[in-house]
Amino acid sequence: MPANDEQNTKPVILTCAQPTGKLTLGNYLGAVRNWSEMLEQNDCYFGIVDLHAITTPSHPATLRQNVYDCVAQYIACGLDPKKCHQFVQSHVIGHTELAWILTCITPIGELQRMTQFKDKVAKLGFKSTESTDEDLKFTHDGARPQASINAGLLCYPVLMAADILLYNADLVPVGEDQRQHLELCRDLAQRFNHQYSETFSIPKGFVPKTGAKIMSLADPRRKMSKSDKNERATLYILDEPNQIKKKISAAVTDSGSEIKAGPDKHGIANLLSIHSSLSGQSTDELEEYFQGKGYGVLKSELTELISENLHPVRDKYKELIKEKAYLKNVLAQGASTAQKRANKILSKVYRKVGFPDRERIT
Ligand code: AMP
Ligand code: TRP
C-alpha cells in the first residue's frame, strides 16, 4: 500500500461504485480502466459503497457476495492493490457521520431537483411516497420489492458528497451521469467552508474524453446499466466470447447502411464509441476505415476487439474470486488507510461544527 502520511503530496483521487453485481462495459470504459491509469501519479482511494447499495432492494447474501465480486473485478481490471486503497464504505467510520452534518446544510429542494432522483420517482410512479410493512419484507426469491421511495434515495447525493469530502479528495473521476451529484458536493463543501471556515478542498470532477457514456445495446438512447432487465442491453466484462458475439450481433443499429455517427444514428455512434475507446482510433478515423463496409463488418470487428480486451480480465477474475482471504486482506488494508485519513478530517469537522471534545476515561 502506498504510504499516506503528511509528506505524501500527491493529489488525492477518490471515486466509488456500488457493489451491484457484475461490472458492465460502461463501468469499464467510463470508469475503472481510466482509474487504473492514475495510480502512479496520485494517492488513490476506491470505495465500494455498500451503504449506497441498500437504497435499492438487495438481498443481504447477494450484497455481501457482490462486494467480493466487485473487488476481484477491480483488481482484474488493473487496480493493483499495492498502488491504491480499496475499501468498503461500511468499514470506515465517518461516511454516515459526515453525511448527517452535510444533510443539515442541504436544502431539500436541491435534492428533489436531482435528475437521478426524479427518474427513480418517475419509475415508481404514484406509489412513491407511502409504504406498508409488506413493501419491506423479502420476497421468496430474496429481493426486497421496492414499492416506495425511501428517504435514502433522496439523501443519496449527500452521502456521496460525504464520501468525497471525508478524504478531502482533489479529483473525482465519474461518468457523465454523476456530474450533477458532484456539483452538489462542491456546493456543499463551499457552503460548509463559508458557514464554519475553510475546511474542505473543493473537489474537481474528471470525465474521460471517450467512453464517458456507453449506451445500451438494445436502446442506444439510454445509458448501458447494470440493472437493465433486457439481457441483450448490457455487456458485462465477465461475459464469455459467445455472449459478447450474441449481444453485439443483436445490437440495435439505425436505418440506412452508412457507418457514420450522426445525431440520428445513436446505435452506430455507440458502437463506434466503444470501438474508439478500445482501439484508441478516433471516430473520424473509424468512419473512414469502415467507409463502404456494412454493419456486419463493424459488428464482427468490434466483437473481436471486445473479446481480446476482456479475455485477460475474465481470466484474472476467475483466479482471484477463489482467493477470499486475499480479497479480505486487500479490503482490510484499504479500510485501515482510509480510516486514518477519514479520522483526521472528521475530527476537524466536529471541532468546526462545535461538538465538544471526547474526553478519554482516565
Ligand atoms: P455505477 O454502475 O452506477 O455504480 O457506476 C460506477 C461508475 O461507472 C461511475 O463512475 C459511473 O459514472 C460509471 N458508469 C456507469 N455506467 C456507465 C456507462 N454506461 N458509461 C460510462 N460510464 C458509466
Ligand atoms: N453515486 C455513484 C454512482 O452511482 C457512486 C458513488 C458513491 C460515488 N459515492 C461516490 C462516485 C463518491 C464518486 C465519488 O455511480
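Note that ligands are numbered from 1 as they come in the structure, with each ligand's atoms numbered from 1 the same way.
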Between the main-chain N or O of L305 and the side-chain N or O of E308, is there a donor-acceptor pair closer than 3.5 Å?
no
Does an N or O anywhere in A31 fall below 3.5 Å from an N or O of ligand 1?
no
Just need the protein heavy atom nearest to atom 11 (C) of ligand 2, so name the residue and atom and give the distance.
C16 O, 3.3 Å
Honestly, is K352 close enough over F192, meaning NZ or CZ under 6.0 Å from the six-membered ring centre and within 45° of the axis?
no
Between F117 and H181, does the ring centroid distance fall short of 6.0 Å?
no
Ligand 2 versus L159, non-hydrogen atoms closer than 4.0 Å: side chain, backbone, both, neither?
neither
Is there any N or O on T15 that sits under 3.5 Å from an N or O of ligand 1?
no
Going by the closest heavy atom to atom 8 (O) of ligand 1, which one wins out of T24, N27, N270?
N27
Please list all pairs meeting side chain to side chain donor-acceptor pair (under 3.5 Å) that have one or both residues in residues 290-300, counting only residues at least two apart or in different chains.
K265-Y295
G30 heavy atoms within 4.0 Å reach ligand 1 at atoms 21 (C), 22 (N)
Looking only at protein heavy atoms, what sits closest to atom 4 (O) of ligand 2 is Y156 OH, 2.9 Å
Looking at every heavy atom in both A261 and T283, which two are closest together, and how far apart are they?
CB-CG2, 4.1 Å
Any side-chain heavy-atom pair of Q333 and F87 under 4.5 Å
no
Would you say I93 has more than 12 foreign heavy atoms packed within less than 6.0 Å of its CD1?
no
Is the shortest N/O to N/O distance between I214 and ligand 1 below 3.5 Å?
yes
When you measure from atom 9 (N) of ligand 2 to each heavy atom in D163, D177, I13, which option holds the nearest one?
D163
Which of H275, E301, Q281 passes side chain to side chain donor-acceptor pair (under 3.5 Å) with Y289? Answer is E301
Heavy-atom pairs closer than 4.0 Å: do any link ligand 1 to the side chain of M224, the backbone, both, or neither?
both
The atoms of ligand 2 lying under 4.0 Å from a heavy atom of V172, numbered in the order shown, are 13 (C), 14 (C)
Per-atom filter on ligand 1: closer than 4.0 angstrom to a heavy atom of D177 are 11 (C), 12 (O)
Among all protein heavy atoms, pick out the one at the shortest distance from atom 15 (O) of ligand 2; state its residue, atom name and that distance to 0.1 Å.
Q178 NE2, 3.4 Å
Any idea which part of L182 is under 4.0 Å from ligand 2, heavy-atom wise: side chain, backbone, both or neither?
neither
Under 4.0 Å from a heavy atom of H52: which atoms of ligand 2 are those, numbered in the order shown and with their elements?
7 (C), 9 (N)
Measure the SG-CG distance between C84 and D80 for me, rounded to the nearest 0.5 Å.
6.5 Å
Near V174 (heavy-atom distance under 4.0 Å), the atoms of ligand 2 are 13 (C)
Once you restrict to heavy atoms under 4.0 Å, what part of L29 touches ligand 1? Side chain, backbone, both or neither.
neither
Heavy-atom pairs closer than 4.0 Å: do any link ligand 1 to the side chain of K226, the backbone, both, or neither?
side chain
Would you call K204 and D170 a salt bridge, taking side-chain N to carboxylate O under 4.0 Å as the test?
no
CD1/I244 to NE2/H311 distance, rounded to the nearest 0.5 angstrom?
9.5 Å
